[in-house]
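The next block holds one structure in the form of structure tokens; read it before the comments.
Because the structure is a prediction, the values reported are computed rather than measured. Each chain gets a letter, A, B and so on, in the order the sequences are listed, and its residues count up from 1.
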Amino acid sequence: MDDSAELSPAQALRILEAALLTASEPLPVAALRQLFDDTLSAETVRRLLDELREAWAERPVELVQLAGGWRFRARTEMQPWLDRLKAERPARYSRAVLETLAIIAYRQPVTRGEIEEIRGVAVATPVIRTLEARGWVETVGFRDVPGKPSLLATTRRFLDDLGLRSLTELPTLTGLEQTLQLEHDPVEHDRADNEPANPYGPQEHTLSSARQ
Amino acid sequence: MDDSAELSPAQALRILEAALLTASEPLPVAALRQLFDDTLSAETVRRLLDELREAWAERPVELVQLAGGWRFRARTEMQPWLDRLKAERPARYSRAVLETLAIIAYRQPVTRGEIEEIRGVAVATPVIRTLEARGWVETVGFRDVPGKPSLLATTRRFLDDLGLRSLTELPTLTGLEQTLQLEHDPVEHDRADNEPANPYGPQEHTLSSARQ
Amino acid sequence: MHTEVDTEPVEAGVADAGAAELPPLARLYGEPVTSLPRDLFIPPEALEVVLQAFEGPLDLLLYLIRKQNLDILDIPMADLTRQYIAYIDALQAGRLELAADYLLMAAMLIDIKSRMLLPQPPSASDEGPEDPRAELVRRLLEYEQMRAAATRIDALPQAGRDFEWVQAAFEASAPPPPGVSSAELMDAWRSILARARANTHHRISRETLSVREHMTRVLRLLREMGMRRFTELFDAADGVPHLVVTFLAILELVREGLARLTQTEALAPIYVTLPDGA
């Protein structure tokens with residue numbers, strides 16, 4: 001190839017353009033100087049970059065300077081169109097995730113083992129991970145039984161994301177509750193029944209739940 | 001966002017350009033139509049693509065049509081400069097890999113045993129792995145013989161990476177018919193003659209001509 | 001491409017991908033051997049290395065044929081077989097496993113040779129007797145064709161080697177994480193309860209969510225501090241109902257073994273702690 005020193009500015013621009021368009025990450029000026037075997041000063045390269053940015057000013061893709069260096073990037077106004085290519089339907093959580101979340105929400109604090117007991121099936125680790133990664137569930141303690149299983153509870157963020165001020169605003173199951181109460185173990189539910197008035201409105205928020 | 005139907009051709013070109021410059025793989029016309037919520041016909045999109053290709057004709061980067069669709073790539077004459085940014089030159093494939101690839105490309109679908117028969121030596125597993133890891137070769141089925149050997153074929157990516165639109169664009173096999181015409185032995189028919197026509201381009205690529 | 005390498009087979013009219021880019025084959029008396037032999041004499045020390053430069057018996061055979069500029073359709077079997085076997089003998093000494101393919105080919109050559117020495121049986125067809133070399137020729141030509149095809153494929157511009165894909169950045173809007181409504185949550189809960197109901201051994205109890213919520217709150221406090229004075233867990237400003245629920249939450253925690261109450265003597269401060277080891 002020709003000696004870089006003999007490059008015309010137009011050629012240097014072409015090379016810069018090709019390098020920046022094909023780079024998979026931002027290129028710092030030092031890397032760009034390598035394109036010319038360091039025969040161009042950083043100053044010159046910067047001037048060329050400005051020129052290139054200028055040349056792309058009206059294009060749907062722009063040359064931007066990021067923390068890591070220079071990169072071509074689609075303009076934000078192109079985003080709505082480009083997003084259509086992804087054509088991703090909003091994802092939905094699996095039934096396993098939803099039910100696990102429901103159990104943690106309504107029965108917290110609760111161990112994984114207890115969740116499994118209620119659901120009747122094993123709870124896969126990724127299910128819990130999903131909820132933790134979302135910031136909706138966290139470990140708030142450990143149950144003092146062999147294995148010291150973590151106690152899971154919902155977070156503040158869970159309430160915020162669902163637009164709730166408190167857990168008591170979670171909907172209750174009035175109709176079903178009635179049915180279930182028929183099967184109540186009298187001793188077991190006495191405790192709750194004898195509770196003083198729920199400050200947040202016992203009527204709406206009491207819920208019957210399956211427990212062993 | 002605005003209704004795509006109201007887009008001016010100039011706007012449509014901008015959107016196409018942005019999509020193609022930022023795509024991480026070739027985009028077929030069908031995908032590009034999605035950009036406009038299918039309000040533009042395939043015909044129109046193709047015309048725009050031609051226009052776009054035209055517009056980039058003098059640039060260091062070109063718009064090419066490949067097996068998988070349309071994609072921008074740097075012109076090969078830019079490579080000497082772009083190589084300077086690489087820590088190491090890409091390794092060249094060994095003869096074993098290249099010959100295996102050629103046999104798979106021209107004889108697909110083909111089993112490993114058939115490749116070995118042609119090459120006269122065992123095909124080492126890493127050779128196949130190399131091609132699979134590159135995404136150039138994949139198993140497309142199994143031959144219904146004892147051991148159910150996998151049938152290997154080349155992928156669309158193989159064509160894309162070599163800048164081809166279809167297998168018919170593979171280099172034509174060297175004709176050996178001149179020498180072979182002299183052969184007096186008619187019994188020795190080649191297997192390929194009895195095979196069904198190569199769907200990818202019998203004219204250019206069947207080997208019958210070469211081996212009569 | 002490396003140009004210092006002697007691309008011997010090419011002169012026979014066949015491009016040879018491998019030979020064109022061989023690294024030095026070996027060092028002979030300190031000198032690098034970078035070329036394939038110009039004739040059939042190979043210094044014994046380099047023989048194995050040279051043979052490894054071939055992709056197999058067909059490759060070697062083609063080399064010998066092309067090297068001697070022989071008509072591939074008129075292979076002089078005697079000479080070729082002799083030379084071939086000489087190569088294999090040497091190869092065998094070092095790398096028997098490498099020799100297996102070659103030995104097979106040698107056997108084939110000898111077979112062809114012997115059949116050619118025998119009188120031809122009268123042919124049933126009118127097309128003349130079958131030449132025992134035909135099958136070998138067919139294989140050689142087919143291999144040679146693929147060898148050439150490999151070179152041509154390698155010569156095509158290749159992504160990453162001869163050109164780079166354009167990939168400008170595009171910050172796709174992160175796909176929104178799945179949403180969950182409290183109604184969905186209740187549905188999930190309802191189906192769990194329905195299933196639980198089917199299991200008669202499940203006893204149904206009744207609790208208020210607010211107690212559960214406070215259990216979690218108290219546990220968080222204990223996790224932060226390890227130990228709290230009982231009284232610290234209450235804030236009079238919260239009002240009576242709140243205090244009562246907190247009290248119930250603490251009792252429930254103790255009942256479930258999630259917290260412990262300790263008091264060293266009567267009227268001493270009561271402490272709420274996590275159970276040992278938790």
Side-chain angles (χ1 to χ4, degrees), chain B residues 18-26 61-63 71-76 78-79 82 89-90 92-103 105-107 117-122 157 160-164 170-176 179-180 182-188 190 207 210-211, chain C residues 1 14-19 21 53-61 71-74 100-102 104-105 125 127-131 133-135 137-170 172:
Chain B
L20 287 162
L21 284 172
T22 56
S24 54
E25 52 183 16
V61 154
E62 61 187 335
L63 180 60
R71 192 164 185 190
F72 275 110
R73 70 179 193 193
R75 291 179 189 281
T76 51
M78 305 311 294
Q79 199 62 22
L82 302 186
R89 300 292 300 274
R92 296 185 74 93
Y93 290 120
S94 68
R95 281 187 60 190
V97 169
L98 284 171
E99 289 180 10
T100 303
L101 176 63
I103 293 168
Y106 286 93
R107 292 298 165 79
E117 203 179 293
I118 295 174
R119 295 193 63 225
V121 283
R157 169 131 181 230
D160 288 341
D161 281 355
L162 294 181
L164 307 173
L170 276 175
T172 322
L173 286 173
T174 44
L176 300 175
T179 14
L180 281 169
L182 306 173
E183 175 147 28
H184 54 275
D185 175 21
V187 182
E188 203 46 57
D190 78 58
L207 299 176
R211 287 187 294 149
Chain C
M1 294 281 281
V14 178
D16 185 319
E21 55 193 69
F54 290 98
E55 280 298 309
L58 289 174
D59 201 24
L60 171 58
L61 210 48
D71 181 353
I72 198 168
L73 299 176
D74 187 23
D101 292 321
Y102 290 88
L104 192 65
M105 181 59 65
S125 70
E127 288 164 332
E130 181 187 352
D131 188 323
R133 295 167 301 184
E135 167 67 10
V137 168
R138 184 194 69 76
R139 290 190 63 187
L140 282 171
L141 287 175
E142 182 174 30
Y143 174 66
E144 188 170 46
Q145 188 180 43
M146 284 301 144
R147 203 174 66 171
T151 311
R152 286 156 155 249
I153 286 180
D154 194 40
L156 291 173
Q158 201 179 95
R161 189 188 71 186
D162 305 302
F163 65 86
E164 304 293 335
W165 296 117
V166 165
Q167 206 188 341
F170 161 45

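- Listed for the C:Arg152 side chain is no donor-acceptor partner under 3.5 Å among the backbone atoms of B:Leu173.
- The CD atom of B:Glu117 sits 8.0 Å away from atom CD of C:Glu142, with the distance rounded to the nearest 0.5 Å.
- The candidate with the highest count of non-hydrogen atom pairs below 4.5 Å against chain C, out of B:Asp160, B:Leu21, B:Thr100, is B:Leu21.
- When B:Leu82, B:Ile103, B:Leu162 are compared by the number of non-hydrogen pairs under 4.5 Å with chain C, B:Leu162 comes out ahead.
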| query | What do the steps show when you test C:Arg161 against B:Arg92 for side-chain contact (heavy atoms from CB on, under 4.5 Å), and what is the final call? | reply | CA-CA 9 Å; C:Arg161 189 188 71 186; B:Arg92 296 185 74 93; 3.5 Å; yes

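- Only the backbone of C:Ala169 comes within less than 4.5 Å of a heavy atom of chain B; no side-chain atom from C-beta onward does.
- Scanning both residues, C:Gln167 and B:Ser24, for their nearest heavy atoms gives NE2-CB, 3.5 Å.
- Separation of atoms CD (B:Glu99) and OG1 (C:Thr151) is listed at 7.5 Å; rounding is to 0.5 Å.
- For chain C, the nearby parts of B:Ala96 are the backbone and the side chain; heavy atoms of each come within less than 4.5 Å.
- The shortest non-hydrogen separation linking C:Ile153 to B:Ala105 is CD1-CB, 4.2 Å.
- To the nearest 0.5 Å, atoms CG (C:Asp154) and CZ (B:Arg95) are separated by 11.5 Å.
- Nearest heavy atoms, C:Trp165 versus B:Phe72: CE3-O, 3.8 Å.
- Atom CG of B:Leu170 and atom CG of C:Leu156 lie 7.5 Å apart (nearest 0.5 Å).
- Looking only at heavy-atom pairs under 4.5 Å with chain C, the residue among B:Leu20, B:Val97, B:Thr76 that has the most is B:Thr76.
- Proximity to chain C involves both the backbone and the side chain of B:Arg119, based on heavy atoms less than 4.5 angstrom apart.
- Residues C:Phe54 and B:Val121 are not in side-chain contact: their nearest non-hydrogen atoms beyond the backbone lie 4.5 Å or more apart.
- When all heavy atoms of B:Tyr106 and C:Ala149 are compared, the pair lying nearest together is CE1-CB, 3.6 Å.
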